[in-house]
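Any value given below was found using the heavy atoms of this structure, including those in side chains, with hydrogens, waters and symmetry copies removed.
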Amino acid sequence: MENPTTKMKKFGTFGGVFTPTLLTILGVIMYLRLGWVVGNAGLLGAWLIIIISFLITLCTALSMSAITTNIRIGAGGAYALVSQALGLEVGGSLGIPRYVSQGLAVTMYIFGFREGWLGIFPEHNAFLVDVIVFGVLFSIAYISANLAIKTQFIIMGIIVLSLVSIVIAAYEGSMTNPVSDALSWGSFKGSPENDFSGSSFWVVFAVFFPAATGIMAGANMSGELKDPKSSIPTGTLWAIGVSFVIYMVLAFWIARSATEAELVSNYYIMVEKAFSGPFIIAGILGATFSSALASIVGSSRILFAMGEHKVIPFSGFLSGQSANGQPRNAMLVTGALIFLTLLLRNLNAVAPLVTLFFLITYAMINIVVIIEQRLGLISYRPIFKISKWVPWFGLVSSVFAMFIINPAVSLLSIVIVLGVYWYLSRQNLEAQFEDVRSGLFVSFAEWAAKHTWGMKKMQQRAWKANLMVPVRDVNGLKGTFQFLRNIAKPKGSIKLLGVEPYSETSTLAKELDGISASFREKDVFSSYSVIHTAEIANGINYGSQALQGAFFKPNIVFLNMQDHDDYETELRPVIKECIRLEIGVLLYLSHPTALLGQRNSINVWVSDRKGNWNLGWDIGNLDLSLLVAYKLKMNWGARIRLITVIDDPNEEVNAKEFLANLINLARLPHTLTEVHIGDFKTIVNKVPPADLNIFGMDENLKFEFVKEISAKTNSSCLFVKDSGHESILA
């Protein structure tokens, strides 16, 4: 775990995400292979390849954006995303191979840098160049990610200069080929390596596609971003958009500036056609260096995150940090791995694994979103919403691209991932967070359980409003029918519990059967039962106790307080027993004339935290209030307003910050907030009116207080007690 005293430099969207992502996409393929792609496929074919490649990565980036705006992402980028959704076993099965492949990628980028360097200084020793470049890269990354980001700013400047050199060349008249000739489909002549014996569209696609796979470079920095929930989507999507435009324009320029024969035979054609060749050479060196730097920094963060979660051996050592929060131990191990791969001198055999592990990661990210969308759990409410076809397209296209690039190695990479998963599944890993598998398994169980009309307690991420509604007056139940339906819909349930003395002429069971059927017709699963007793409180408590053994037990008791109820003898004993059994309580008091009004606004009252404004996972007796408010907001189309009253003016800033952070972490956009200073009872009738006011309560809630608050708000009121098993932050 991170030391609370550690002070880590946090990065914004531009430096932490946009820059490393853009520089990784604008890599060596852009300089040394884009001309060959245009020469083989023609400009129209090259544009189609670019569009397909970026469309695949765009869909994955959109899926990644949806996930990152739905969870608190930690260190590790894609590993963290998958782990928090599908568990440490699945996350680790991707994280371990991906970490190794990123280490191999660093070595390949170093080799690419060396080839560019030897093109300028052919007399230099190749291995010595590799070692020096590795030493510089490792030193920058080891000192701090901050230095790495600053270095990438310099490299971005170099790449910009290389692009300016191309613009000047175009201005000076390099584009001599007619547009009509440039806008053509290619003849796919092949490459010097195969003596121009021919190629195909998909072979050319396989050569180009790795250029578009750099979208995780920024996400890998997730643990060191100021606001990853905002920065990762924004920075990644902007980097994809900017790089796409650059590739499309460069393809047009090179198609107009060189002949087909030049393009397919000369990988350095861009150097020759630019206004200043040295700027292009500098761009090649900068691109390979920046890609290597982003990979070494990102891979060490993946290893560090796996160490934090105890996924791999020596986790305690790997999760160690320096005084300024840098994962130094993970960086040392990563450096050793890269240096060992440098000694291999030839990575051609394993090079395809790098791209294919990226594609497997992309496929898994899309699978996560597909599962979340299909489950429809309340915990899945990303700020960044995407259409249902996006992750499906991303999944299918990622798998398609894998087998287009290399079918045999694709199968091998999948076997490796499955092998690692099998190993990790036997390690009894324990996560500090809950993953979506709880919702997946509960949903499967729920499908079968609903046929037996039994319910069982849900977990936080799979929370649904499963109400038990005590009934002795059917007319009162009819009056709250729509309100109950709006709390439970779409995935919740309602258990009607009739309580009455035994009578052979009673019609309560028949009436409850009819109302239960009405709920089911309105898309809310419902069942009913009747307890015969003259003591209303005992009847409800017997029902609560008996249902503790049910397959899916109710997690909320809904008490509709009516004029004939005796609060002290009939309702308070129920509230106390629900608290003992850890069942949530909703005590509803309908306004005699306003009822629920226009259902346009909901006030949720947040208690004064008196100096304790830290927002952890436990936010006090507030989770159920916000979950119910959110359900009503969605079903009513209403607006939520969070209100807190404090007695210390010095706490106002803290209170406002708490409410803002709560809205952000709870994913409740467009929620209003108000902070008032003074006495609660004098302020309660001065706030903007609402159709429903929601208050927290405890077992000592007084009847006089309930009536007084209802009168002062001049609205229907809901008094809420958490069970302790809900979480609006899940």
N/O donor-acceptor pairs under 3.5 Å from side chains in residues 268-279, not counting sequence neighbours:
from   : atom 1 : to     : atom 2 : distance (Å)
Glu272 : OE1    : Asn266 : ND2    : 3.3
Glu272 : OE2    : Asn266 : ND2    : 2.9
Lys273 : NZ     : Ser257 : O      : 3.4

Name the atoms and distances for all side-chain donor-acceptor pairs under 3.5 Å in residues 47-57, with sequence neighbours left out.
from  : atom 1 : to     : atom 2 : distance (Å)
Trp47 : NE1    : Met248 : O      : 3.0
Ser53 : OG     : Ile49  : O      : 2.8
Thr57 : OG1    : Ser53  : O      : 3.3
Thr57 : OG1    : Phe54  : O      : 3.1

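In this structure Phe153 satisfies the side chain to side chain contact (heavy atoms under 4.5 Å, CB included) test together with Phe14, Thr19, Ile149, sequence neighbours excluded. Remark: Tyr247 pairs with no residue by the side-chain hydrogen bond (donor to acceptor under 3.5 Å, both in side chains) rule, at least two apart or across chains. Phe209 pairs by the ring-ring contact (aromatic ring centres under 6.0 Å, His included) definition with Phe205, not counting sequence neighbours.
Here salt bridge (charged side-chain N to carboxylate O under 4.0 Å, His left out) pairs that include residues 187-203, with residues two or more places apart or in two chains, are Lys189-Glu260.
For the atom pair OG (Ser65) and CD1 (Ile365), the distance works out to 10.0 Å, reported to the nearest 0.5 Å. Taking CD1 of Ile154 as the start and NZ of Lys150 as the end, the distance is 10.0 Å to the nearest 0.5 Å. If you take CG on Leu237 and CD1 on Ile215, they are separated by 9.0 Å, rounding to the nearest 0.5 Å. Taking CG from Leu337 and CG from Leu104, the interatomic distance works out to 6.5 Å, rounded to the nearest 0.5 Å.
Side-chain contact annotation: Ser200 with Trp202, donor-acceptor N/O pair under 3.5 Å absent. Of the N and O atoms on the side chains of Thr334 and Tyr99, at least one donor lies less than 3.5 Å from an acceptor on the other residue.
For the pair Arg301 and Phe304, the cation-pi test (distance below 6.0 Å, angle within 45°) is failed.
For the residue pair Leu62 and Ile386, the shortest heavy atom distance occurs at O-CG2, 3.7 Å.
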